[in-house]
*Asks:* 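Let me begin by handing over the structure; questions about it come next.
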Amino acid sequence: MNTGAFVCACGGTCDLDLEKVRDGVRDVEVVASSRLLCQDGLGSMARVIDEYDIDQLLVTATAESCKERIRSLATAHGLHPDATVFVDHREGAAWVHDEAEATDKVARLLNATRAGLAEEAVSRTVSREAGKQIAVIDDAETAIALAETADVTLVANGSDFSGVEGLSDVTLERGRVEDIEGSYGAFEISLAARVTDDCIDCMNCVHEAPDEHVTARPVDVAPSAPDGEWVDVCPTDAIALDGVRRTIEADQIVYPEADPVARGGHLGYYTGPTDGATIAAIESLLGGVEKPDFLDLEMDVCAAGDSSQRGCIACTDACPHGAIDRPAVDRVEFDKIACQNCGACTSVCPTGATMLREPSNERLAREVEALLATDESGGLLSWRGTAGIETEVVAFVCSERARERLHDYGKRAARNDDVSYPPILPVSVNCTDTVGEPHVMHALAAGADGVVVVGCGDDCIHSGPDPKATLVEHCNQAAIDLGLGERVAFLAPGSDATSFTTDLRQFVDELDTSPVPAGEHVATGRIGERTAESAGDTDPMQADGGRPYPDFDGHGWTLESVRVIVEHTDPERDLIRGLSAFGRMTVSDACNFTPTCSNLCPTDAIRRTEDGDLEFNHERCVNCGLCEEGCPETAITIQGGLDLSLLPERRDGDPWVTVYEGELLECVRCGKPFTSVASAEKIQDEVGDLVAGIAPDSEHSIFEYCGDCRTRLLFGGDAGQ
């Protein structure tokens, strides 16, 4: 693919050194610039496209009118409509930074955009059919509004809709909501009522019952209604004070008074006040939906559990939209239709079982690396470090409200408002939920002086205010332990720019230059390239220490970044706290050397040796806790944190550490080791009395024989052997 980069000065309103921007852009076929690209420069742009046979354009433009003219030019020259990608050189650069900083930043942004496009995922969709059945709970106005386009059932939930007009096309359902299960297209609502379907609406009970205990439309009896003779007035015996329960089905539900089932909303389930936007959202889902497939799933490497034991629960805890379910203690299921592309599950998954398709972890890594590339590695601006961006801060910016607010800050600056802030290097993410420990640690390994997560704050539609407080705390703890000091922050640009710009400037001013050189590290997303033989493994995997996980999984990518960082720092401690995807195993004397832990471990981080020892591979452990959960003797304890002293590079290449020294019992007949001494003693203590005397002619206890020899002893006449 031939890529051309085009830079504009917006008629001189952008203080950019166009020549230096051109010098700083790399790995494209051509770089051109114009004082007013979208008008006077269009002819020259057309000639460049033809001369260099360009089929992808990187263009600095933000105004929609400019974008439309450039898109039209591109399509007229046979380019795909999506082949033109725009870079913010104005609101996010030239209007809020000085000329040198803005020039440097625009060149970096063009390079990062090119690097990201090289990793862009091929689009993929998922779909689900659904009907037009809408259940509205106790909201007549919304039910009426939807009745023209959908089949609406209004569940009274104890309310009386007598006198409400416009319900002729709405089905009224008596009962109070007890439970709601299911998902978009297949919801089930459990209702409890005290009137059966035999009711003929004769109104006798309404007239005779104690005041305010029976509703008239629909007829139903309140749970608080007392028993009495008034019940006998029903000609059909439809009053059931003990209650009747039934279930109704719906494709979507509107329940304004309900507590949200998920922090960020659940597809097809609407809580809180309804408005025109709610009605439009409901109507857009009538009949079904087709949407982008946001996730790549590799459930074979999921650490959720095994053999009825609960393991990793990171994704189910993180999802703010109810798109992840745990139907069994050891199984996780994803509803891709309910997924809203926030990335919360992918940022916390340690094994890569769930990964965001776009932007992928690899794409984010390449953009960060391109933003931080130095003169030596890529020929960026020759004056960098003296007049360009001096403190390099990678900013993961939410592509929803946060990005819009930064854009608005640029508009204010153009109106002569006093709005300016340090030239952070932005990487666009779907939501700040996308960002996890792996992303932050990689940015630090790539040489960033600091990392700031820029989110929506109180207005976040996914996780609520300051969703990354824990992430910032954990990453700063890890950075301190690694010898870098605090280098991570979360900031939310609001309507008042002063608070954001002041906080950002203070954060940047307090940063020291990172000891990790910028631009040298190119991530592989793996823990290493050691062969299986050198890692002490017997499996056929020849890379990544034997781990069969996708590149850029959370555990492997983070460990790779830590290894890069410690090459340039001098950590004062071996234990690096704050990193959640690493576990340290200790085993007590209660261990009986049963194979439970090694069988349960989803990453093969535990093994039993022929000598009766239990060994642990810290490099592989993702801190899922399955071994601790499943240990029948409760002998195992797993604690979080990365212990550098347990890594193979600190142990002459050996990743295995003995955590329990056992002793194997050899069969007294054939000499074959068959169990641990501790396990045999435990079994003998538990059932020895029950089998005493079962082999009276043998000189040994039956517990001293292996399974085969024990069978021969008892049934084959080998007594005394």
Side-chain angles (χ1 to χ4, degrees), residues 303-311 328-331 536-540 546 583-618 620-621 624-638 654-721:
D306 198 5
S307 303
S308 299
Q309 300 294 333
R310 189 182 78 165
V329 70
D330 58 354
R331 192 168 83 252
D537 299 328
T538 57
D539 58 57
R584 297 169 291 127
M585 183 182 192
T586 56
V587 182
S588 73
D589 291 338
C591 176
N592 286 322
F593 204 59
T594 62
T596 307
C597 57
S598 55
N599 289 341
L600 287 175
C601 181
T603 61
D604 295 326
I606 307 170
R607 71 181 184 186
R608 303 191 308 162
T609 70
E610 295 180 354
D611 297 329
D613 294 337
L614 193 66
E615 294 186 337
F616 172 68
N617 188 322
H618 183 51
R620 290 183 178 182
C621 178
C624 69
L626 267 171
C627 58
E628 181 176 355
E629 181 78 15
C631 178
E633 294 87 20
T634 63
I636 295 175
T637 301
I638 294 292
D654 184 7
W656 293 98
V657 178
T658 299
V659 290
Y660 179 75
E661 293 184 357
E663 180 182 358
L664 287 181
L665 183 65
E666 296 181 354
C667 177
V668 295
R669 183 178 187 277
C670 68
K672 179 179 70 176
F674 67 96
T675 190
S676 69
V677 172
S679 182
E681 290 176 350
K682 179 181 180 183
I683 295 174
Q684 186 168 1
D685 289 342
E686 292 177 350
V687 300
D689 293 342
L690 300 177
V691 298
I694 196 172
D697 297 332
S698 173
E699 298 178 0
H700 302 278
S701 164
I702 64 169
F703 298 104
E704 298 180 58
Y705 294 86
C706 70
D708 292 339
C709 294
R710 188 181 305 120
T711 301
R712 294 190 185 98
L713 171 68
L714 298 177
F715 304 106
D718 285 343
Q721 298 294 321

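Just so you know, residue 1 is the first one in the sequence shown, and it goes up from there. What you see is a predicted model; the values in this text were computed from it and never measured.
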*Asks:* Which atoms form the tightest heavy-atom contact between Cys621 and Thr603, and what is the distance?
*Replies:*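 Minimum heavy-atom separation between Cys621 and Thr603: CA-OG1, 4.1 Å.
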
*Asks:* Are the side chain of Arg710 and the backbone N or O of Tyr705 linked by a donor-acceptor pair below 3.5 Å?
*Replies:*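 Pair found, side chain donor or acceptor close to backbone of Tyr705.
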
*Asks:* Where is the tightest heavy-atom contact between Ser598 and Pro595, given as atom of each residue plus distance?
*Replies:*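 It is OG-O, 3.1 Å.
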
*Asks:* Without swapping roles, check the side chain of Glu628 against the backbone of Gly625 for a donor-acceptor pair under 3.5 Å.
*Replies:*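 Pair absent, no side-chain N/O of Glu628 close to backbone of Gly625.
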
*Asks:* Could you walk me through whether Leu600 and Glu629 pass side chain to side chain contact (heavy atoms under 4.5 Å, CB included), step by step?
*Replies:* CA-CA 10 Å; Leu600 287 175; Glu629 181 78 15; over 6 Å; no

*Asks:* What distance separates Arg310 CZ from Arg331 CZ, expressed to the nearest 0.5 Å?
*Replies:*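 Those atoms lie 16.0 Å apart.
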
*Asks:* Quick check: closest heavy atoms across Gly630 and Thr596, and the distance to 0.1 Å?
*Replies:*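 Smallest interatomic distance, heavy atoms only, reads O-CG2, 3.4 Å.
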
*Asks:* Could you state the interatomic distance from CD1 (Ile638) to OG1 (Thr586), rounded to the nearest 0.5 Å?
*Replies:*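 If I round to the nearest 0.5 Å, the distance is 7.0 Å.
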
*Asks:* Considering all heavy atoms of both residues, which atom of Gln309 and which atom of Leu626 are nearest to each other, and what is their separation?
*Replies:*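 Taking Gln309 first and Leu626 second, the nearest heavy atoms are O-CD2, 3.5 Å.
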
*Asks:* How long is the straight-line distance from CZ of Arg669 back to CG of Asp708, given to the nearest 0.5 Å?
*Replies:*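 Result: 9.5 Å between the selected atoms.
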
*Asks:* What are the two closest non-hydrogen atoms of Phe593 and Asp613, and how far apart are they?
*Replies:*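 Smallest heavy-atom distance, with atoms named: CE1-O, 3.2 Å.
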
*Asks:* Could you walk me through whether Ile636 and Cys597 pass the side chain to side chain contact (heavy atoms under 4.5 Å, CB included) test, one step at a time?
*Replies:* CA-CA 9 Å; Ile636 295 175; Cys597 57; 3.6 Å; yes

*Asks:* What pair of heavy atoms forms the shortest contact from Cys601 to Ala605, and how long is it?
*Replies:*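 Taking Cys601 first and Ala605 second, the nearest heavy atoms are SG-N, 3.1 Å.
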
*Asks:* Report the distance from atom OG1 of Thr594 to atom CD of Glu633, rounding to the nearest 0.5 Å.
*Replies:*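 Between Thr594 OG1 and Glu633 CD, I get 4.5 Å after rounding to 0.5 Å.
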
*Asks:* Answer yes or no: is there a donor N or O on one side and an acceptor on the other, between the side chain of Asp330 and the main chain of Ser308, under 3.5 Å?
*Replies:*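 Indeed, once roles are kept as given, a pair shorter than 3.5 Å links the two residues.
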
*Asks:* Could you state the interatomic distance from OH (Tyr660) to CG (Asn592), rounded to the nearest 0.5 Å?
*Replies:*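 If we round to the nearest 0.5 Å, Tyr660:OH and Asn592:CG are 7.0 Å apart.
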
